[in-house]
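What follows is a short report on a single structure.
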Number of protein chains: 2
Amino acid sequence: MKVEKISELTTNRLSVYLRCLNELLAEGKRTVSSDKLAERFHLNSAQIRKDLACFGEFGVRGVGYYVEDLRDHLQKILGLDKNHRVGIIGAGRLGTALADYYGFTQTNFDVVALFDNDKGKIGQRIGDVDVFAFKNFAKVAKKDKIDVAVIAVPAQFAQSVLEEVTKSGIKAVMNFAPTPLRVHDGVKLKTIDLTISLESLSYFLSHVNNINGNN
Amino acid sequence: MKVEKISELTTNRLSVYLRCLNELLAEGKRTVSSDKLAERFHLNSAQIRKDLACFGEFGVRGVGYYVEDLRDHLQKILGLDKNHRVGIIGAGRLGTALADYYGFTQTNFDVVALFDNDKGKIGQRIGDVDVFAFKNFAKVAKKDKIDVAVIAVPAQFAQSVLEEVTKSGIKAVMNFAPTPLRVHDGVKLKTIDLTISLESLSYFLSHVNNINGNN
DNA sequence: TTCTAATTGTGAAAAAGGTTACAAACAAGA
DNA sequence: TCTTGTTTGTAACCTTTTTCACAATTAGAA
């Protein structure tokens, strides 16, 4: 087992493995080999084994992995054994769509508050979630124990929102504003830039030759 | 200039460069060197030059790049000189949020139709866009010249939606369902999996030590 | 107990991606 | 025209990521 720095590519795959294991578990499978996993979900078996090896020896040679056992380990490794409390900044279409995104409600992420500057939105209730004034972020975040912030505001406000959020002690931020942001050390930022994805897709559309399938 | 296969990492960066150039253009800058570009937008100058070199020689030694000229080239390379017509499948919260996503309206992507199976939604108008029955996708896609499909349906339906969409001749698909999909050759699929991003974020939250800032 | 078949964990090779460093090219001033 | 200073385009190098290949380990059958 290596204690080195784990790359984001690896953690992304861990999430995929977890999903696969849950599926197998739902089918009542008790054990699975890295080969079977790889074949069924179109992954690479050596990579699965290597990724897992970063965190310990979970398999049994000659047998494979115990599905439930490995699932539990992965959940723990990914920090999904604890609940996370999410605050979304920006109560526009995207923000409110995210507020009841299946993935949030599905896993251990509870959206507990929306924030906005628009007086018309503050005080409203969207789904199960109240909209607060963003200027009260720190206060609400503390009271509601928010540990993940989602930025869903226009690009020009994103950096200052991030600063504010960071100041209040949040360590994990997901950014949907199509702009790169600077973060302080110790804060993890993940940006999902739809503009980049779209434009990149457009590239492949006008170069249909060089396409190699997936992703 | 190399005609090799261009990686997605490169096309993603091209989109970033384009954004930077537009910003410089708005400020009235006529030329820019790769060094200045890199410094200002926190990129790497050699990488910029290398990425551009895949498509031609756009710079002038001793001078740099002509901002407007390079912008136009990048737009062309990314296929953003033509308009794209987007159909979104799934008129739920996410689908409708995407329908008036700024990035779509902003760039050359027009959302021209939403599709759903829900009788209550079919025939409605959301923003500027009509909701059609998904079973009529091929027909509407042809009539409205849709060339990009966005999948915003629950994971269990995503694969069959993709098949249907592919059958109607669409070559570029963006998938928001948190599940990997299989595509036929010649179709470009880009999946944005929020569950993976969230769970990966969760990992870094419970391992706050190993954090190295950005992305 | 010994043998066989399966499967892990991992070092070594290969591929992909990113950075450094510099010759070649050009602009502008002497 | 020649010289100086700048900046590109790219070859060489380095790093990271992925894949290959196999010794080590285990379960179960003989």
Side-chain angles (χ1 to χ4, degrees), chain A residues 1-17 20-21 24 29-67 69-70 73-74 77 200 210 212-215, chain B residues 1-14 16-17 20-21 24 29-67 69-70 73-74 77 196 200 210 212-215:
Chain A
M1 153 158 159
K2 297 156 193 163
V3 207
E4 303 160 26
K5 253 214 303 275
I6 305 299
S7 93
E8 199 151 330
L9 295 167
T10 301
T11 60
N12 286 348
R13 282 192 299 265
L14 292 182
S15 171
V16 172
Y17 304 154
C20 298
L21 290 167
L24 292 175
K29 297 272 193 303
R30 280 185 34 75
T31 66
V32 68
S33 72
S34 58
D35 251 0
K36 291 264 170 51
L37 244 176
E39 197 183 332
R40 161 130 180 218
F41 298 101
H42 304 91
L43 308 166
N44 176 302
S45 66
Q47 184 146 70
I48 296 173
R49 294 198 297 277
K50 213 158 208 190
D51 284 337
L52 295 178
C54 296
F55 299 96
E57 307 204 351
F58 304 116
V60 180
R61 293 172 196 224
V63 175
Y65 300 91
Y66 291 96
V67 178
D69 179 56
L70 184 56
H73 270 110
L74 281 181
I77 290 166
S200 172
N210 324 6
N212 50 340
N214 219 313
N215 229 29
Chain B
M1 151 159 159
K2 298 157 193 163
V3 207
E4 305 161 28
K5 251 210 311 270
I6 305 298
S7 91
E8 199 153 327
L9 294 167
T10 301
T11 60
N12 286 347
R13 282 192 299 265
L14 292 181
V16 172
Y17 303 155
C20 297
L21 289 167
L24 291 174
K29 296 272 192 304
R30 281 185 33 75
T31 65
V32 69
S33 71
S34 58
D35 252 0
K36 292 262 169 53
L37 244 175
E39 196 183 334
R40 161 130 180 217
F41 297 101
H42 305 91
L43 309 166
N44 177 301
S45 66
Q47 183 141 70
I48 295 172
R49 295 198 297 276
K50 209 167 199 187
D51 285 336
L52 295 177
C54 296
F55 299 97
E57 306 203 352
F58 304 115
V60 180
R61 292 171 197 228
V63 176
Y65 301 90
Y66 291 96
V67 178
D69 180 55
L70 184 55
H73 270 110
L74 282 182
I77 291 166
I196 291 176
S200 172
N210 324 5
N212 50 341
N214 219 315
N215 228 28

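Any value given below was found using the heavy atoms of this structure, including those in side chains, with hydrogens, waters and symmetry copies removed. Residue numbers start from 1 in every chain, and the chains themselves are labelled A, B, ... in the order their sequence lines are given, proteins ahead of strands.
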Worksheet entry | Chi angles and distances behind the side-chain contact (heavy atoms from CB on, under 4.5 Å) call for A:Val32, A:Leu70 | CA-CA 10 Å; A:Val32 68; A:Leu70 184 56; 5.7 Å; no
Worksheet item: Yes or no on side-chain contact (heavy atoms from CB on, under 4.5 Å) for B:Tyr65 and B:Leu24, after CA distance, side-chain angles and deciding distance?
Response: CA-CA 12 Å; B:Tyr65 301 90; B:Leu24 291 174; over 6 Å; no
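B:Leu43 places its CG atom 12 Å from the P atom of C:dG18, with the value rounded to the nearest Å. For the pair B:Arg30 CZ and D:dT7 C1', the interatomic distance rounds to 17 Å; values are reported in whole Å. Rounded to whole Å, the distance from CD1 on B:Ile48 to C1' on C:dG18 is 13 Å. Taking atom CG of A:Leu14 as the reference point, atom P of D:dT17 lies 14 Å away to the nearest angstrom. Here C:dT8 presents its C1' atom at 11 Å from CG of A:Leu52, a figure rounded to the nearest Å. Note: NZ (B:Lys5) to P (C:dA15) measures 13 Å, nearest angstrom. The distance between atom CZ of B:Arg13 and atom C1' of C:dG18, rounded to the nearest whole Å, is 8 Å. Spacing between atom CG of B:Asn12 and atom C1' of C:dG17 amounts to 14 Å, rounded to whole angstrom units.
In this structure, the side-chain hydrogen bond (donor to acceptor under 3.5 Å, both in side chains) partners of B:Ser200, at least two apart in sequence or on a different chain, are A:Thr11, A:Asn12, A:Lys190. Every residue meeting the side-chain hydrogen bond (donor to acceptor under 3.5 Å, both in side chains) condition with A:Arg40, not counting sequence neighbours, appears here in chain and number order: A:Glu23, A:Glu27. Taking A:Ser33 as the reference, nothing meets the side-chain hydrogen bond (donor to acceptor under 3.5 Å, both in side chains) condition, with sequence neighbours excluded. Not counting sequence neighbours, the partners of B:Arg13 by the salt bridge (Lys or Arg N to Asp or Glu O under 4.0 Å) test are B:Asp51.
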Practice prompt. Take nucleotides 20-30 of chain D nucleotide by nucleotide from the 5' end and write B, S or -, depending on whether a protein heavy atom sits under 4.0 Å from the base, only from the sugar-phosphate, or from neither.
Written response: BB--BBBS---
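The line from CZ of B:Arg49 to CG of B:Asn44 is 8.0 Å long, rounded to the nearest 0.5 Å.
Atom CZ of B:Phe41 is surrounded by more than 12 heavy atoms from other residues, nucleotides or ligands within 6.0 Å.
When the side-chain nitrogen and oxygen atoms of A:Ser34 are compared with OP1 and OP2 of C:dT7, none of them lie within a distance under 4.0 Å. Checking the phosphate oxygens (OP1, OP2) of D:dT7, no side-chain nitrogen or oxygen of B:Tyr66 falls inside 4.0 Å. Between A:Gln47 and D:dT17, a side-chain N or O to OP1/OP2 separation shorter than 4.0 Å is absent.
Tested against B:His73 for a ring-ring contact (aromatic ring centres under 6.0 Å, His included), the candidates B:Tyr66, B:Tyr17, B:Phe58 yield a single pass: B:Phe58.
Using a 4.0 Å cutoff on non-hydrogen atoms, no part of residues 35-42 of chain B comes near DNA chain C.
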